[in-house]
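Report on one structure; see the data block that follows.
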Amino acid sequence: MRNSFYITTPIYYPNGEPHLGHVYTTLAADAIARYHRLVGDDTFFLTGTDEHGVKMVKTAAEKQLEPSALADLNVKIFQDAFRDLHVSNDDFIRTTSDRHKSGVAIIYNQLLSSGDIYLGAYEGWYDEGQEQFVTETEAKDRNFLAFNRKPLVRYAEPTYFFRLKQYGPKVLEYIENNPGFIQPMSRRNEVISKLKQGVEDLSISRATLKWGIPLPNDPGHVLYVWIDALSNYITALGYGADDARFKKYWPVNVHLIGKEIMWFHTVYWPAMLMALGIPLPKQVFAHGWWTADGRKMSKTEGNFIDLPRVMDVARTYSEDALRYYLLRAAPFGSDLDWSDSDFNKAFNELANVLGNGLNRTVKMIGRYRGGKLPATSTELQDIDRQLVEKTGALPDAVRAAFEKLELQQCAMLPIDLVRTTNGYIDATEPFKLAKDPQQASRLDTVLNLSCNAIYRALVCLLPILPDKAHAGLAQLGVDAKGRTMEDLLNNPPAVGATLGEGQPLFPKVDPPK
Ligand code: MSP
C-alpha cells in the first residue's frame, strides 16, 4: 500500500491580488508535495481561497463591486498565477463553492446536535483585518489597534457560540503531549502560554453580515469566517459526502501556514475537530514572514513585492530560480528578507554552479567520448573516493531534510555536491588528461564520477527545481517523468549510455540592479 500524504496551504483572501507572501507559502507547499510524489506517496496538495467575511465586503464596496464579483476577479488572478508558476496543487477550494457550503452545513449541524454550539449575545472588539474577535484585555494591550494598525471595531449582536472554553484544556494537553504537532518548536511555546491563560467560548456567527454561509438553523446569521475557512481542509476531501476519500487523506500530514495564523490552526481548529470526533492534524508548520530590504513590505514605502514583480522575476530568471531563491533565503520557519543582492547570489549558484557543472560535464563527455558515458576504472584515488562518498550520502541527507521540512537544506545540499564536483573537475583537469592517451582510463573515471554526482544532485533537486532538474536530467539522457526517486537513484545513466546535448540550463541575464 502506498502511503498517503496530504498537505494544505492557508486559503487566501481574494480581496486583492496575491503577493510574495502567498506565492511563498504555495511554492513551499508545492516543493513538499512534489517530494512526496517523487518518493511514491499518494499525495494530495490543496490550496484555495477564503472568500467570505467583512474584509471582502469592504474592499468590494470600495471598488463598487459585489463581493462575489470581487472574489471571481481575484480568484482567477490567484489561479492564473499559480498555474504560471507551475504549482502542482491537486485541488483548489473556494469557500463560495457548493461543495464547500454543503460540507460546512454538515459540520455545523453536527456541532449543533452535539451541543457544542449555543445561542448567546456578543459585545466586544473585532479586528476586521484578521477577522478576529479580541478580548477586552487584549484590546487594551494592543491600544485598541488591529493587527494591521487600524482601530479595532466595536461589535454588539446576538451570536452563536462554540464551546471553545470546554476544549481549551484538551487542546493544551494535546499540544503538550505531541511535541511534533506545532512546528517549529519555538512557536509552540507562544501557543501554550496563551492557552494557559484560558480561552473563552468563541462567537461563530454574525447577524449583521450577509456575505457568508447562512446558519442552517438560523439563516439570519452567517458563519464566522474562520470556522467557514478552517472547514475547507475537510470539505475539500468530501467530509460527510465521500467517506473513502476523506479517510484516505485525513488526518492531514502538514497544514503549512504563516506564523500570524497559528492560533486559529492550533486552537480553534483542533477544538472543532475534537468536537466533531475527527483525529487532529499531524502537524501545523508556521513559516516566517517576508520583509523587503529589511523593512515590512508596504505599498506606500514602495518595497511591496507584488505579483507583477514576482512574475517578472520568474519570467526573466525562470520560475525555478524564483523557487530556489525563496526556499534557500532562510531556514524554513524563520523570517526572510527579499533583497536583490541575495537573489543574485542564489541565481549565481544556479547558473554558475549547477548550470556550469552540468554543462561542462556533458560537453566533455561529448567531446572526449562521443557523448557516451565512460566507465570508472577500478583504481580510485582519494579525491575520487571523496566525491563518491559525498555523492552517495546526498539522497539520505535530502530525504531527512524533507522529512523535517528543512527546505533551505533541501535546496542547498544538492547544489553543494555540484560545487564539490566543480572543484573535483578543476583539480583533476580532464582537459589535460584528454591530451595524453596514457591517461584515457583516468579521464573515463573523472567523467563518470562527475556525471554521476551531478545526476544525483539533479534527482534530489526535482522537488525544488521541477523544470530545470528535468531539463538537466534530459541532458544526461534520462527522462525522469513519472519515475520515483528510488527508481532514478537505482538506475543512473548506464556505462555506454548516450547523453543528450549540452545546453545552458539557466538564461543568460544581467543581475538585477
Ligand atoms: N484566509 C486566511 C487563512 C485561512 S486558512 C483556513 C488568511 N488569508 S491571507 O490571504 O491573509 O493569507 C495569509 C497567508 O499568506 C499567511 O498565512 C502566509 O501563508 C501568507 N503570507 C501573507 N503575507 C506574508 C508575508 N509577508 N510573508 C510570508 N507569508 C505571508 O490569512
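Predicted model, so just to flag it, every value in this text is computed and none were measured. Computed from heavy atoms alone, side chains included, the values below leave out hydrogens, waters and symmetry copies. Whatever order the structure lists ligands and atoms in, that order sets their numbers, starting from 1.
- Looking at heavy atoms from C-beta onward, Asn74 lies out of side-chain contact with Asn15 at the 4.5 angstrom threshold.
- Within ligand 1, counting atoms from 1 as listed, the ones closer than 4.0 Å to a heavy atom of His265 are 5 (S), 6 (C).
- Under a 4.0 Å criterion applied to the non-hydrogen atoms of Ala229, ligand 1 contributes the atoms 6 (C).
- Among protein heavy atoms, the minimum distance from atom 3 (C) of ligand 1 is reached at Ile11 O, 3.2 Å.
- Ring orientation note: the planes of Tyr325 and Phe343 are nearly perpendicular, at an angle over 60° on the 30°/60° scale.
- Ring pair Phe162/Tyr167 is parallel by interplanar angle, where below 30° counts as parallel and above 60° as perpendicular.
- Applying the side-chain hydrogen bond (donor to acceptor under 3.5 Å, both in side chains) test to pairs two or more places apart or on separate chains, those with a residue in residues 256-266 are Tyr233-His265, Lys259-Asp335, Glu260-Trp289.
- Nearest protein heavy-atom contact of atom 27 (N) of ligand 1 is Trp290 N, 2.8 Å.
- Residue Trp269 places every heavy atom at 4.0 Å or more from ligand 1.
- For atom 15 (O) of ligand 1, the nearest protein heavy atom (residue, atom name, distance) is His22 CD2, 3.5 Å.
- In this structure, of Met297, Gln130, His287, the residue bringing a heavy atom nearest to atom 29 (N) of ligand 1 is His287.
- Relative ring orientation between Phe82 and Phe78 is described as perpendicular, the plane-to-plane angle rising above 60° on a 0-90° scale split at 30° and 60°.
- Remark: minimum distance from atom 19 (O) of ligand 1 to any protein heavy atom is reached at Thr25 OG1, 2.6 Å.
- Annotation for ligand 1: atoms under 4.0 Å from non-hydrogen atoms of Gly288 are 28 (C).
- Residue, atom and distance of the protein heavy atom nearest to atom 16 (C) of ligand 1 are Glu260 OE2, 3.0 Å.
- By the 30° and 60° cut-offs, the orientation of the rings of His52 relative to Trp211 is perpendicular.
- With Tyr233, Tyr24, Tyr268, Tyr13 as candidates, the residue nearest to atom 5 (S) of ligand 1 on a non-hydrogen basis is Tyr233.
- Below 30°, between 30° and 60°, or above 60°: for His287 and Phe332 the angle between ring planes is between 30° and 60°, a tilted geometry.
- With hydrogens and angles left out, the side-chain atoms of Glu51 and Thr95 include no donor and acceptor closer than 3.5 Å.
- Any N or O atom pair closer than 3.5 Å counts here, and Asp50 shares at least one such pair with ligand 1.
- Residue nearest to atom 30 (C) of ligand 1, selected from Pro14, Gly21, Ala286: Gly21 (by heavy-atom distance).
- The number of heavy atoms from other shown groups lying within 6.0 Å of CD (Glu301) is above 12.
- Polar contact check, Gly258 against ligand 1: a nitrogen or oxygen pair lies under 3.5 Å apart.
- Counting only heavy atoms of the protein, atom 23 (N) of ligand 1 lies nearest to His19 CE1, 3.3 Å.
- Using a 3.5 Å distance cut-off with no hydrogens or angles, the side chains of Tyr249 and Asp42 do pair a donor with an acceptor.
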